[in-house]
Each structure stands twice: as structure tokens, then as C-alpha cells.
Novice: 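After the C-alpha cells below, expect a handful of questions from me.
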Amino acid sequence: MILIIDFGSQFNQLIARRVRECRVYCQIEPPSITVEQVRTLAPDGIILSGGPSSIYETDSPKIDAAILKLGIPVLGICYGMQYMVHALGGKVKRSDKREYGFAEFKVKRPSPLFDTLPKTTSCWMSHGDSITRLPAGFAIAGSTANTRIAAIDHRNQKLFGLQFHPEVEHTPQGKRMLKNFLFKVCRCKRNWTMKSFADQTIEEIRTQVGNRRVILGLSGGVDSSVTAVLIHRAIGRNLTCIFVDNGLLRKDEAQKLKKVLKQNLRINIRFVQSRRLFLNALKGVEDPERKRKIIGKIFMDVFESEAQKIKNAEFLAQGTLYPDIIESKSAFGGPTAVIKSHHNVGGLPKKMKLKLIEPLMYLFKDEVRLLGKTLQLPDELIWRQPFPGPGLAIRVVGAITPSRLRILREADDVLMQEIKAAGYYKRLWQSFAVLLPIKSVGVMGDQRTYENILAVRAVTSKDAMTADWARLPHKLLSRIANRIINEVDGVNRVVYDISSKPPSTIEWE
Ligand code: XMP
């Protein structure tokens, strides 16, 4: 196991990911972790992450320096290295000039970190301060033109430092360096697999929960579904899932979920029919933010009152993913702090005094999909594209009525069929239909029509923070438009959205 201490770098999640890619388990902890806690965790190695601070700032993050003296190998990256040097008696010089971008790195003396590496390689720098004097026992292991002390090591104590970032793609040999640290220095074993993660997590949940009860808000998306299956494996019928039908779901969505999770996997799910409540509250509402607020508030109320019916519930499970946890745990939050706020059940636990269980908190989306596969969830669930909490309410632009929802649902269903049949569903981040509040003139069977316009949106993205419109083949777009106009009553024109994010967003509202 590798312990990563989070000094607030935007690349922390990448470090963890690289370690797991090497099939080694890792855990991220804040700098406040104590020596005793580190001893209990007994990691094979410690990585001190980078961070935006300068060690000269009074509130810059620090760890108990005794952690560096436990005899556990340590790799300090950027700020992590500067902190280590400072804490062990070396000197770091403050500089107003930041070195940012590519640099040519030269290995100066053999070090296990650089085993089997070329003598010269490029690396990616992002720092202001530089080291000017090393603590006793350390030597320079490599330099760049601008940074004489770019890599250091203390052979006997197995302490290493890199001024650049080995975890980013722009340091092509970085993964090799991390591998060398894990396997040549820390002697880690490659035994972390999704299967071992699943087994271990199930065991932990069992121990933590005992025979008490857990509640989970099920959205039908991959994160909450995988969380449900994992907890169900651990505690069976003591898990109760709550699924709120807000009347803003896609065609047959609730039924499909019922079939897979309730009938096939025998998970205990309460389906709460609240369609009326939501649609009544949304009547005549056109403003997107008001729509979101209304939906969020009603969801909370419905969920809470349903949860209160479950006697002796002591835990609330959530499918929080790694990027979310970084945001909340990162002591000195980097750019990850700009994540948008979604409506979810995050506000409930304080009020209801439930303890949180978040078994996916160290995973990325693609790893959650892999976990779903390991748990033998059907592909249909694992590969679902993300769907916003406010559902179709933010895809019926303008006022929401049952008939407009019906038009959108039918059109969206046709679109999905075609996207899937063409093999595009998994390749797209999202693909969906949006019903516009304008009408246009058309001609059908010699008759004039005056009907709705439907927009088709399909985007590629890695994380939804940026996105590009998908270059779908014209033939496919043509088939989609033809079928929608022919099969969906109330639509006589289809347009394709060719905007990217930024400056547009993925959803229209
Ligand atoms: P935007 O429209 O901001 O969307 O580019 C980025 C991603 O977030 C989804 N989204 C939401 N998800 N609750 C959610 O759970 C919401 O209120 C919400 N709004 C947008 C959107 O579908 C896209 O994947």
C-alpha cells in the first residue's frame, strides 16, 4: 500500500491513478495525518504530493516531520520535495519567477528512481521556489538547465525528491520513475485488482455496518448502481435503496432499473412515485435555475420523508467518486474546487444524523465501470451515459408540460436507438434530445404543419468540464432526423448542436 499525502496539488488524482495502474493499492490522506495513523496504515511507501503553496507562507501545509523518520521510503514531488528538504534542515529559496512547462532533465548519478531510463529525458516543471542547500546525507541525482537541484536522494534512508511532476503525461518517463519507486525502492507487490478491491470493500462494509441498516439514494446512474450492488453483497436485505420517480425520467427508465436491480439482483428498492409533486411545482416555470432549485428541494423532502420510514437506519451510502473527494479533502484545493454543484443527497446526513458510507471514494469513473464489470453488472447499466439530476426538466427548454415531456421522451428514445445501433453510444460522453420553445413551418403530405423544433446534442468529453460536439456521420444524422420527424408527433424539424464547451455548456439549461 502507498500512502499519498495531499498538499493540495491539482495532480493528486493523477498520482493515485498512476499507482493503481501499476496494480498497487494507494490511499490519499490530508497533511494532518498523525505518525500513529501512518504506523497503523503501515504503507510500503509515502508520496508527498505537490501543492500551490510556498513553504514560507505561514499557513502552508506541513506534516509531522517524524513521519519522514519512520524508515518508510518517501518520494516528495515538487512542493512535497521542498517541504521534505526544509523539514530536514536544508534551504529553499523563494523566487518570484515561476518555471512552468517542459525542461530537459539530465540524470547526474545512478539512482534506483532512474533505473533503465535514458540519461536525458524531458520533464514537466511547475514551481516558483528552488532548493539551494540540501540536508545532510542528500545528493543531487539530476538537474535541468534552470534547476540545478531537480532530483535528490538520500540512499540510506530511502528519501527521494523530484522538482518536476512524474505523474503527468508531459513527463514521458515519469511513469517509469514512479514504477521504480514502487517496485525497486518500496518493494510493493502487484496485487491490486478490481476483484481484490471489491472483496476488500465488501468485507469492510460488513464489519463497519454489522447488522444495522443502510439507506442509498438510487439515481439509475452507474455510480449509485455500483454502490448499491457492492453494499448489497456485503449486507443483503439490510440495504434499502430509494428511487424517486420525479416524472422527469427518460422513456421506460424506472421499469428498466426495476428489472435489473430489483428482479435480477434482488436488491431492496423503494420506488417513490412523486411525479405529480414535481410537475405541479414546475408548472409555468421557465427559468432554468428556478427549475433546478425546485427539483432539488422537492427531492430532498421526498427522500427525507421516505428515509424516515426505514427504522433503525444508521448509515447513508453515496456513490461519491474520487474527484469529489479530492475537492472536499484537498487541504488547499487546486482547480478541482471549481466543480459545479449538483443536487444530490449531500445535504441530508447532517440533518438526519446518518453516518456516511462512500465505497467508491478512491475511484475514477472508468474504474467504477471496471468495478461494475467485476461485479457482473449488465453492460446496460455500466455504460450508461451521465444523466443530470433535474432530468428532462432542463431539456424541455421553457415551460414543462406533460405533452412536451412526451414529445421529448419519444424523440430521445429514437435518438438513443440510432446512436446505439451505429455503435456510438459508448464513444460519446452524452447524446440526447432537447425540445425547443419555438415552432417552425413544415409540409407533410401536402399539408402545412406548424410544429416544434428538436435539437440533437452529442458530445465527446473526458470529464464534462470541457466538451466538443461529436462529428457524427451525416448518414446517421440524416437517419435520426428522418425517424424523429416521421415517428414523433409534434416535431417537424431537427437541428444539430455544433457548439463546444466552453463557451457553451453540455446541457441547454
Ligand atoms: P453542463 O451543462 O454544466 O453539464 O456542461 C456538465 C455535466 O453535468 C451534468 N449536469 C448535471 N448533473 N445534476 C447532475 O447530477 C445537475 O443539476 C446537472 N446539470 C448538469 C450534465 O448532464 C453534464 O454531464
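Whatever order the structure lists ligands and atoms in, that order sets their numbers, starting from 1. Since this is a predicted model, take the numbers as computed values, not measurements. FYI, side chains are in, hydrogens and waters are out, and symmetry mates aren't considered; it's all heavy atoms of this structure.
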Novice: Any atoms of ligand 1 less than 4.0 Å from a non-hydrogen atom of G389? List them with their elements.
Specialist: 12 (N), 13 (N), 14 (C), 15 (O), 16 (C)
Novice: Could you measure the distance from the CG atom of D252 to the CZ atom of R409? Nearest 0.5 Å is fine.
Specialist: 9.5 Å
Novice: Check the side chains of S219 and S224 for a donor-acceptor pair under 3.5 angstrom, ignoring hydrogens and angles.
Specialist: yes
Novice: Please say whether I394 places an N or O atom under 3.5 Å from an N or O atom belonging to ligand 1.
Specialist: no
Novice: Among all residues two or more places apart in sequence or in another chain, which pass the salt bridge (charged side-chain N to carboxylate O under 4.0 Å, His left out) test with D245?
Specialist: R275
Novice: Working to the nearest 0.5 angstrom, can you tell me the gap between N12 CG and I5 CD1?
Specialist: 11.0 Å
Novice: Would you find more than 12 non-hydrogen atoms of other residues, nucleotides or ligands less than 6.0 Å from K258 atom NZ?
Specialist: no
Novice: Hey, which atoms in ligand 1 end up nearer than 4.0 Å to a heavy atom of K501?
Specialist: 1 (P), 3 (O), 5 (O), 6 (C)
Novice: Could you pull out, from R292, K291, R457, Q430, the option with a heavy atom nearest to atom 24 (O) of ligand 1?
Specialist: Q430
Novice: Mark the output for W429 as yes if a heavy-atom distance to ligand 1 is under 4.0 Å, and as no if none is.
Specialist: yes
Novice: Answer yes or no for R190 and W192: cation-pi contact, defined as NZ/CZ to six-membered ring centre under 6.0 Å and angle to ring axis within 45°.
Specialist: no
Novice: Supply the atom-to-atom distance L216 CG to L316 CG, rounded to the nearest 0.5 angstrom.
Specialist: 7.5 Å
Novice: Ignoring angles and geometry beyond distance, decide whether R395 reaches within less than 3.5 Å of ligand 1 through its nitrogen or oxygen atoms.
Specialist: no
Novice: Give the atom numbers and elements of ligand 1 that come within less than 4.0 Å of a heavy atom of T505.
Specialist: 1 (P), 2 (O), 5 (O)
Novice: Any idea which of P388, P390, P502 brings a heavy atom closest to atom 11 (C) of ligand 1?
Specialist: P388
Novice: So is F387 polar-close to ligand 1, meaning N/O to N/O under 3.5 Å?
Specialist: no
